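Just so you know, these numbers come straight off a predicted model, no measurement behind them.
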Amino acid sequence: MIPWIQLDSARTPDGGQELRLKRRGAEFSIMLGTNELMNSRLSGSEEALARLSCQRIAGRERPSILIGGLGMGFTLRAALAALNGDAAVTVAELVPAVVAWARGPMAEIFGGCLDDPRVTIREADVGQVIGAEKAAWDAILLDVDNGPEGIVHKGNDTLYGATGLAAARTALRPGGVLAVWSQGPDGGFTRRLKQAGFAVEEINTRANGKRGARHVIWIAAKGL
């Protein structure tokens, strides 16, 4: 058995916890305490987040997409594969070390996607990016923390409350979509999306295609 090797660590934004980047052979893992936040072998549901979102906005000229959370780049790479050359994709990542890991130890699995001319990386709180402009985005994809019930950064909770969802709806263009990844179901979040004025579709998916843990994706559409 090949042992895990810790490559680096970084404090969470509140300074209270530690993210650890580990490697075992060609496999990478990002850990928070005993919780594995992501693994390079398990990308299916994050890729589905991008694929489903891009399907909903297909045919738009020069679509503008905001992704909250860089992670291991699964959502970003899938979005780039699904979008045409005139798209613009902004990734907001709150932890600078995650961006450094993407350009350093994990550069091989990112495959140069951070250098794609369609991509802009912003080391910023995605909530602040959402709140900065009205009708700025055709799609907002949130792959932040472990979903509506965050464990890494409690400030992320505001993204999923009534105020955060109202801000997301304001930031979307007519007919745009808010797509949210979660490690599991959350009936309260579904209700909040509907109360915020979205048409909501809740989709069950798996961590690795047809296998692995069951995850949930919400596709919340803003009316025209």
> Heavy-atom distance under 4.5 Å between the side chains of Leu193 and Leu165, does that happen here?
Replying inline: yes

> Any idea which heavy atoms bring Ile57 and Pro63 closest together, and the distance?
Replying inline: CD1-CB, 4.2 Å

>> Contact between Val144 and Leu159 at the side-chain level, heavy atoms closer than 4.5 Å - yes or no?
In response: yes

>> Tell me whether Lys222 contacts the main-chain N or O of Pro174 through its side chain, where contact means a donor paired with an acceptor under 3.5 Å.
In response: no

> Should Asn84 and Glu61 be marked as a side chain to side chain contact (heavy atoms under 4.5 Å, CB included) after you check the CA-CA gap, both sets of side-chain angles, and the distance that decides it?
Replying inline: CA-CA 9 Å; Asn84 292 328; Glu61 293 185 4; over 6 Å; no

> Considering only heavy atoms from C-beta outward, does the side chain of Val129 approach that of Arg122 to under 4.5 Å?
Replying inline: yes

> How far does CE of Met1 sit from CZ of Arg24, to the nearest 0.5 angstrom?
Replying inline: 5.5 Å

> Going by heavy atoms in the side chains, are Val99 and Val91 under 4.5 Å from each other?
Replying inline: no

> Are Trp4 and Met72 connected in the hydrophobic side-chain network, where two residues link if heavy atoms are under 4.5 Å apart?
Replying inline: no

> Does the side chain of Val126 reach to within under 4.5 Å of the side chain of Leu142, using non-hydrogen atoms?
Replying inline: yes

> Under a 4.5 Å side-chain heavy-atom rule over Ile, Leu, Val, Met, Phe, Trp and Tyr, are Ile5 and Trp101 clustered together?
Replying inline: yes

> Between Ile65 and Leu83, is a side chain to side chain contact (heavy atoms under 4.5 Å, CB included) present by the stated rule, with each step listed?
Replying inline: CA-CA 10 Å; Ile65 292 88; Leu83 293 166; 3.8 Å; yes

> Ile140 and Leu172: side chain to side chain contact (heavy atoms under 4.5 Å, CB included), yes or no, with the steps?
Replying inline: CA-CA 8 Å; Ile140 298 172; Leu172 286 168; 3.8 Å; yes

>> Less than 4.5 Å apart, side chain to side chain, heavy atoms only: is that true for Val180 and Leu141?
In response: no

>> Suppose the criterion is side-chain hydrogen bond (donor to acceptor under 3.5 Å, both in side chains): which pairs have a residue in residues 165-176, not counting sequence neighbours?
In response: Asp138-Arg173

> Can Arg56 and Glu201 be counted as an ion pair, charged N to O under 4.0 angstrom?
Replying inline: yes

> What are the two closest non-hydrogen atoms of Val177 and Ser53, and how far apart are they?
Replying inline: CG2-O, 4.2 Å

> What pair of heavy atoms forms the shortest contact from Trp181 to Ile217, and how long is it?
Replying inline: CD1-CG1, 4.4 Å

>> Please give me the minimum heavy-atom distance between Gln183 and His215, naming the atom from each residue.
In response: O-CD2, 3.5 Å

> Do Val89 and Leu80 touch side chain to side chain, with heavy atoms closer than 4.5 Å?
Replying inline: yes

>> Walk me through whether Asp115 and Arg103 qualify under salt bridge (charged side-chain N to carboxylate O under 4.0 Å, His left out).
In response: CA-CA 10 Å; Asp115 298 319; Arg103 295 192 181 279; 3.4 Å; yes

> With hydrophobic residues grouped by side-chain heavy-atom distances under 4.5 Å, do Leu37 and Met31 end up in a single group?
Replying inline: no

> Just by distance, do the side chain of Ser9 and the backbone of Leu19 share a donor-acceptor pair under 3.5 Å?
Replying inline: no

>> Restricting to side-chain hydrogen bond (donor to acceptor under 3.5 Å, both in side chains), what partner residues turn up for Thr190, sequence neighbours left out?
In response: Glu202, Trp218

> In chain order, what residues pass the side-chain hydrogen bond (donor to acceptor under 3.5 Å, both in side chains) check against Arg191, with sequence neighbours excluded?
Replying inline: none

> When rounded to the nearest 0.5 angstrom, what is the spacing between CD in Glu46 and CZ in Arg77?
Replying inline: 10.0 Å

>> If you define the side chain from C-beta out and look only at heavy atoms, does anything of Arg20 sit under 4.5 Å from Glu18?
In response: yes

>> Going by the rule side-chain hydrogen bond (donor to acceptor under 3.5 Å, both in side chains), which residues pair with Trp137 if we only count those two or more places apart in sequence or in a different chain?
In response: none

>> Applying ring-ring contact (aromatic ring centres under 6.0 Å, His included), can you list everything that pairs with Phe110, at least two apart in sequence or on another chain?
In response: none

>> Looking at every heavy atom in both Ala26 and Ser40, which two are closest together, and how far apart are they?
In response: O-OG, 4.1 Å

>> Set out, in order, the CA-CA distance, both residues' side-chain angles and the distance that settles side chain to side chain contact (heavy atoms under 4.5 Å, CB included) for Thr12 and Leu32, then state yes or no.
In response: CA-CA 9 Å; Thr12 55; Leu32 179 74; 4.0 Å; yes

> Considering all heavy atoms of both residues, which atom of Arg11 and which atom of Val95 are nearest to each other, and what is their separation?
Replying inline: O-CG1, 4.4 Å

>> Just to verify, what does Glu123 make a salt bridge (charged side-chain N to carboxylate O under 4.0 Å, His left out) with, not counting sequence neighbours?
In response: none

